Trainee: 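Handing you a structure now.
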There are 2 protein chains.
Amino acid sequence: MEEKDVTIYDIARELDLASSTISRALKNDPKVKLKTRNKVHQMAQKMGYQSNPFARSLRNKRSYLIGIIIPRLTNHFVSSAISGLEDMLSIKGYNIIIGQTYGQIDKEISALKMLMDNRVDGLLVSLSDQTKSPEHLDPFTKKKIPLIYFDSVPDITDSSVIVIDHAQAAYIATKHLIEAGCKKIAHVTTGISHGICADKYAGYKKALLESNKRLKEELLVFEDLGSIESGKHVADHILKMNKPPDGLFFENDHCAAGCIAGLKKGGLNIPKDIAVVGFNDEPVATLIDPNLSSISYSGYEIGRVAAQNILLQIENPEMPKISKTVLPARLVIRESSIR
Amino acid sequence: MEEKDVTIYDIARELDLASSTISRALKNDPKVKLKTRNKVHQMAQKMGYQSNPFARSLRNKRSYLIGIIIPRLTNHFVSSAISGLEDMLSIKGYNIIIGQTYGQIDKEISALKMLMDNRVDGLLVSLSDQTKSPEHLDPFTKKKIPLIYFDSVPDITDSSVIVIDHAQAAYIATKHLIEAGCKKIAHVTTGISHGICADKYAGYKKALLESNKRLKEELLVFEDLGSIESGKHVADHILKMNKPPDGLFFENDHCAAGCIAGLKKGGLNIPKDIAVVGFNDEPVATLIDPNLSSISYSGYEIGRVAAQNILLQIENPEMPKISKTVLPARLVIRESSIR
DNA sequence: TTGTAGGCGTTATCAA
DNA sequence: TTGATAACGCCTACAA
C-alpha cells in the first residue's frame, strides 16, 4: 500500500496544465500568470507536493549542499560558527554537510573525499593544525568549486579567508602575562611552522622580544591540544619539569582548563605559581577555578560572514575569489592571570 | 573551460561496452565477467569517474541519507553518539544529516521538516525535553520511513528505542546521595510529566520513599538545563532559597558543573553544604572542582547500536519495527558527593 | 555474459 | 502566457 510521492505531473493533470507550467509556477516565474501561479501553489499544498531534490540536482547540476570542514564539533567556537553558517545558508535553501578532522590530516583528507563524493557546491574549511599546505584541496579548486577558509587558514592561498588577527591576539595575550610579572612564559602549541599556529607564535615572540628583559621563548609542543584530556597531559608534563614556567599561553581553552585542573591537582596555585591565558573564550573558561583569561571572538559572526561570502561566489561564478576578511578579537581578563 | 564529469557512458565508449555493463561492473555484479569488471574498475579509476549520487537517488528512490535529531551537538554524549553512528553508517555508504533542537519543540519540528525535504531513508531521534508526544513524527511513520528513538525516547511508541534505564540510574544516584547523609535532596529537572525526565523522576522518587525517613521530594524545575550557563541560573536560584537543599541530582553535567561554579561563587562548599550528582559523565565532570559524580554511559555505543538497527530496518522493510534495547549505565563517584 | 530501451522528476529550450 | 520535448546520469527488465 505504498503511496507514491506527488510530482509536478500529478499537479499538472489535476489542473489540466503542462508540467512545465507547474515547474515555473512553483518557482514564481513571473512569466506565469499570477492567477495560475496561485492555483498551482494551492493545489501543490493540497496534494502535499514536495519537490524532489534529486531530480532537481540532477537537472541543474547543483547539489545545494555546502561542505564544512572543521577540527571538532565539540568546540563551542566551532558550533557557534556552524550556527551562524546554518542560519544564513538555510534561508537560501542550502544544506550543510560536516566533516570533522579532529586536527588530523588523514581525517581531513577522507572528509574532503566524502564531500567531493557528495558534490558540494561550495566548501568552507577550517584546517587541521597538521595541515602544512592544502594541496589536498586542489581537486576542488580545479573543479572551480568555491572555497573559503575560516579561522584556521593556510599561509598562502588563492582563496578567500576569514580570520581574526591571530598574531595580534597572541601578542596581546603574551604582553598581558608579561605585565602580570611572569618571567618565564611558555607557549603551548601543536607546532610553529605553519598556519595560525605560526601566527600565534609570531605574536608571542614579538611580545617577548619587546619586553624589558627580552624574555626567552619557551615552547611546549604537543600533537593534540583540542580537549580537556589533552590539557591534563600538558599538566603532567609541566609538573615533571625542573624549572617550570610561571606563565602559560594556550591556543585552546579546553586544553588550558584541563591543564589548570591538572596543575591544581599537582599542588600548584593558579595564578600564583603559574598564570594562564587561553584562546577562544569557551564556556569552560568560567567553569574552571580560577576562571580562565582568554582571547575572545565570535564564532557566530565568522560563520555568518563565511556563509555570505560563499553564497556570493556560488551565485556569481565570475567574481574575484581572493579576499581577506579580518574580524576583531579581544582579551578577556579573568582570575587565572591576575596576580 | 569547464570539464564535464565523466559518466558511465564515457567509460562505456572508451571500453566499447554498454553502459549497463559498466553500471553492473561498478557494483561488482557477478553476472559480469571478472575480467570485464576489472577492466571497468581500472578505467573508471583512470578517468576519475565518480558516481552521480543524484541520478542514483532519483532512480533508486533512496537518498542514502540518515536524518539525526538531537538536542545539541556541543554535548559530549551526543557527539560521541554521532561518532558511533557515523562510523557504522559511512562504511555502508550512508551519509548523515543533523538537526539540532536545543531542547525546543518548535526547532524540533522545523528540523524534521528539513529532513523530510531531504528525503532521508531513516531517522534517528533523541527527543527534546519539551516533546510530550511525538505526533510531529507521524509523517515519517506514515511514509514508512524507519524511525528509531535513542536516549531521549517517548513514553509510548510503535518504534524501536535504544536507551539506558533512566529510572534505575536516577535511583542509584539518589540513593547514593541519601547514603552520603543528605537530608533534603532536590532534583533539578525540566519537568516530570513525560519522557526520560519522568523516568528519572520515578527513580529519584523511589529512592526517597525507600529511605529510612521517607525523605520528601523537592523539585527545581527549569526550562533549559543543557548548558553551563543554565547551571549558573540554577545556582542563583538556590542561593536565594530560604532552606536550600543539601543534595542535588541533575539531569545534565554541564548544568551541574555550571551550578557548582555558581554555588561556590556564592560562598557554599561543595560537597559539604550541598552534595551534587550529575548525569552523562561529560568531560567537564573532571574539570570542575570538586570533580562531579555522575551517571556514566557510552554515547558511542548507543550510536553504534542505533546505526545497526536503522540499517537493518532500511534493508529489511518487512522487519518487525518494535524493539527495545537497554544499555548499561553506572554511577561514577567523585568528590562532589563524598562527605 | 552483454546489450537495448525506458523511466526516475525536474527544468530549459524552443515553438505555439 | 503556456505547451511539447529532450536531457541530466543511473539502473533494471527484458532481450539477445
Side-chain angles (χ1 to χ4, degrees), chain A residues 2-41 43-44 47-65 93 95 116-121 143 315, chain B residues 2-41 43-44 47-65 93 116-119 121 143 315:
Chain A
E2 293 282 326
E3 294 181 36
K4 262 176 221 139
D5 288 332
V6 181
T7 73
I8 52 172
Y9 276 93
D10 301 324
I11 304 180
R13 198 176 328 107
E14 208 69 22
L15 253 32
D16 202 27
L17 285 167
S19 66
S20 44
T21 305
I22 310 298
S23 173
R24 284 187 282 249
L26 251 15
K27 44 176 39 168
N28 277 315
D29 187 328
K31 284 175 184 166
V32 178
K33 205 173 23 174
L34 187 61
K35 220 168 144 188
T36 319
R37 259 189 277 163
N38 290 145
K39 258 201 312 194
V40 171
H41 276 114
M43 182 55 79
M47 298 178 71
Y49 168 79
Q50 283 201 161
S51 110
N52 184 315
F54 312 122
R56 191 174 63 129
S57 287
L58 178 59
R59 176 63 229 227
N60 290 350
K61 291 174 172 294
R62 296 181 55 185
S63 64
Y64 302 93
L65 263 183
N95 281 121
M116 181 60 93
D117 289 346
N118 281 282
R119 313 224 168 186
V120 293
D121 290 341
K143 293 192 81 180
E315 326 241 288
Chain B
E2 292 285 325
E3 293 181 37
K4 262 177 222 138
D5 286 333
V6 350
T7 73
I8 53 173
Y9 280 92
D10 300 323
I11 304 180
R13 196 173 334 104
E14 209 70 21
L15 253 33
D16 204 26
L17 284 167
S19 65
S20 49
T21 306
I22 310 298
S23 174
R24 285 187 280 249
L26 252 15
K27 43 176 38 169
N28 278 315
D29 188 328
K31 283 174 184 167
V32 178
K33 203 171 27 170
L34 187 60
K35 221 168 146 189
T36 320
R37 260 189 277 165
N38 290 144
K39 257 202 309 192
V40 171
H41 276 113
M43 183 55 79
M47 299 177 71
Y49 168 78
Q50 281 200 163
S51 111
N52 183 315
F54 313 122
R56 191 174 61 129
S57 286
L58 179 58
R59 175 62 230 235
N60 291 349
K61 289 174 173 296
R62 299 184 49 187
S63 64
Y64 301 93
L65 263 183
M116 181 59 93
D117 289 346
N118 281 282
R119 313 223 168 186
D121 289 341
K143 292 192 80 180
E315 326 241 288

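Remember, predicted model here, so these are calculated numbers, not experimental data. Numbers restart at 1 for each chain; the letters A, B, ... are given by sequence-line order, proteins then strands.
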Trainee: How far apart are the closest heavy atoms of A:Gln50 and B:Asp117, and which atoms are they?
Mentor: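 That closest heavy-atom pairing would be OE1-OD1, 3.4 Å.
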Trainee: Measure CG/B:Leu58 against P/C:dT10 and give the value in whole Å, please.
Mentor: 9 Å
Trainee: Under 3.5 Å between N/O atoms: give me all the protein pairs with nucleotides 13-16 of chain D, atom names plus distance.
Mentor:
none

Trainee: What are the two closest heavy atoms between A:Met43 and A:Ile11, and how far apart are they?
Mentor: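 Looking at all heavy atoms of both residues, the shortest contact is CG-CG2, 3.9 Å.
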Trainee: Whole angstroms only, please: what is the CG-P distance between A:Asn52 and D:dG9?
Mentor: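 That distance rounds to 16 Å.
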Trainee: Taking A:Arg37 for the side chain and A:Val32 for the main chain, is one N or O donor matched with an acceptor at less than 3.5 Å?
Mentor: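 Here the side-chain-to-backbone pair exists.
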Trainee: Are any of the side-chain nitrogens in B:Asp5 or A:Arg119 under 4.0 Å away from the carboxylate oxygens of its partner?
Mentor: yes
Trainee: Suppose we call a contact any N or O donor and acceptor under 3.5 Å apart; does that hold for the side chain of A:Arg56 and the base of C:dT10?
Mentor: no
Trainee: Near DNA chain C, under 4.0 Å by heavy atom, which residues of residues 7-18 of chain A?
Mentor: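 A:Thr7, A:Ile8, A:Tyr9 - these, ordered by number, are the residues of the stretch whose heavy atoms sit under 4.0 Å from the strand.
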Trainee: Backbone N or O of B:Arg62 within a donor-acceptor pair of the B:Asn60 side chain at under 3.5 Å?
Mentor: no
Trainee: So, taking the atom named CG in B:Asn118 and the one named CG in B:Leu65, what distance separates them when rounded to the nearest 0.5 Å?
Mentor: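 These two atoms lie 6.5 Å from each other.
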Trainee: Residues two or more places apart in sequence or in another chain: which of them pass side-chain contact (heavy atoms from CB on, under 4.5 Å) with A:Arg59?
Mentor: none
Trainee: Can you name the residues that form a side-chain hydrogen bond (donor to acceptor under 3.5 Å, both in side chains) with B:Arg56, not counting sequence neighbours?
Mentor: none
Trainee: Mind checking if B:Ser57 touches a base, just sugar-phosphate, or nothing, with heavy atoms under 4.0 Å?
Mentor: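 The answer is nothing, as B:Ser57 stays clear of every strand by at least 4.0 Å.
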Trainee: Assess the residue pair B:Asn52 and B:Thr7 against the criterion (side chain to side chain contact (heavy atoms under 4.5 Å, CB included)); give the C-alpha distance rounded to whole Å, side-chain angles, the decisive distance to 0.1 Å, and a yes or no.
Mentor: CA-CA 8 Å; B:Asn52 183 315; B:Thr7 73; over 6 Å; no
Trainee: Where along residues 27-37 of chain A does a heavy atom fall under 4.0 Å from DNA chain C?
Mentor: A:Lys27
Trainee: Would you say A:Lys61 reaches D:dA7's phosphate, i.e. side-chain N/O to OP1/OP2 under 4.0 Å?
Mentor: no
Trainee: Which heavy-atom pair separates A:Ser57 from A:Ser63 by the least distance, and what is that distance?
Mentor: OG-CA, 3.7 Å
Trainee: Round to the nearest Å and state the distance from A:Lys39 atom NZ to D:dT2 atom C1'.
Mentor: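 One finds 12 Å between C1' of D:dT2 and NZ of A:Lys39, rounded.
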Trainee: How many Å lie between OH on A:Tyr64 and P on C:dT11, as a whole number?
Mentor: 8 Å
Trainee: If I compare all heavy atoms of B:Ala12 with all of B:Ala18, which pair ends up nearest, and what's the gap?
Mentor: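 Answer, listing the atom of B:Ala12 first, then B:Ala18: CB-C, 4.0 Å.
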Trainee: Quickly work out the A:Asn60 CG to C:dG9 P distance and round it to whole Å.
Mentor: 16 Å
Trainee: To the nearest 10 degrees, what angle separates the axes at the start and end of the helix from C:dT1-D:dA16 to C:dA16-D:dT1, five pairs each?
Mentor: 40°
Trainee: To the nearest angstrom, how far is A:Arg59 atom CZ from D:dC10 atom P?
Mentor: 16 Å
Trainee: Do any N or O atoms from the side chain of A:Asn38 and from the backbone of A:Lys35 form a donor-acceptor pair under 3.5 angstrom?
Mentor: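 Between the backbone of A:Lys35 and the side chain of A:Asn38 there is no qualifying donor-acceptor contact (under 3.5 Å).
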Trainee: If you find the nucleotide of DNA chain D closest to B:Thr21 and the one closest to B:Phe54, which residue's nucleotide is nearer the 5' end?
Mentor: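 The 5'-side residue here is B:Phe54.
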Trainee: Measuring from B:Ser19:OG to B:Arg13:CZ, what's the distance to the nearest 0.5 Å?
Mentor: 11.0 Å
Trainee: Which heavy-atom pair separates A:Tyr49 from A:Ile8 by the least distance, and what is that distance?
Mentor: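 Heavy atoms of A:Tyr49 and A:Ile8 come nearest at OH-CG2, 3.6 Å.
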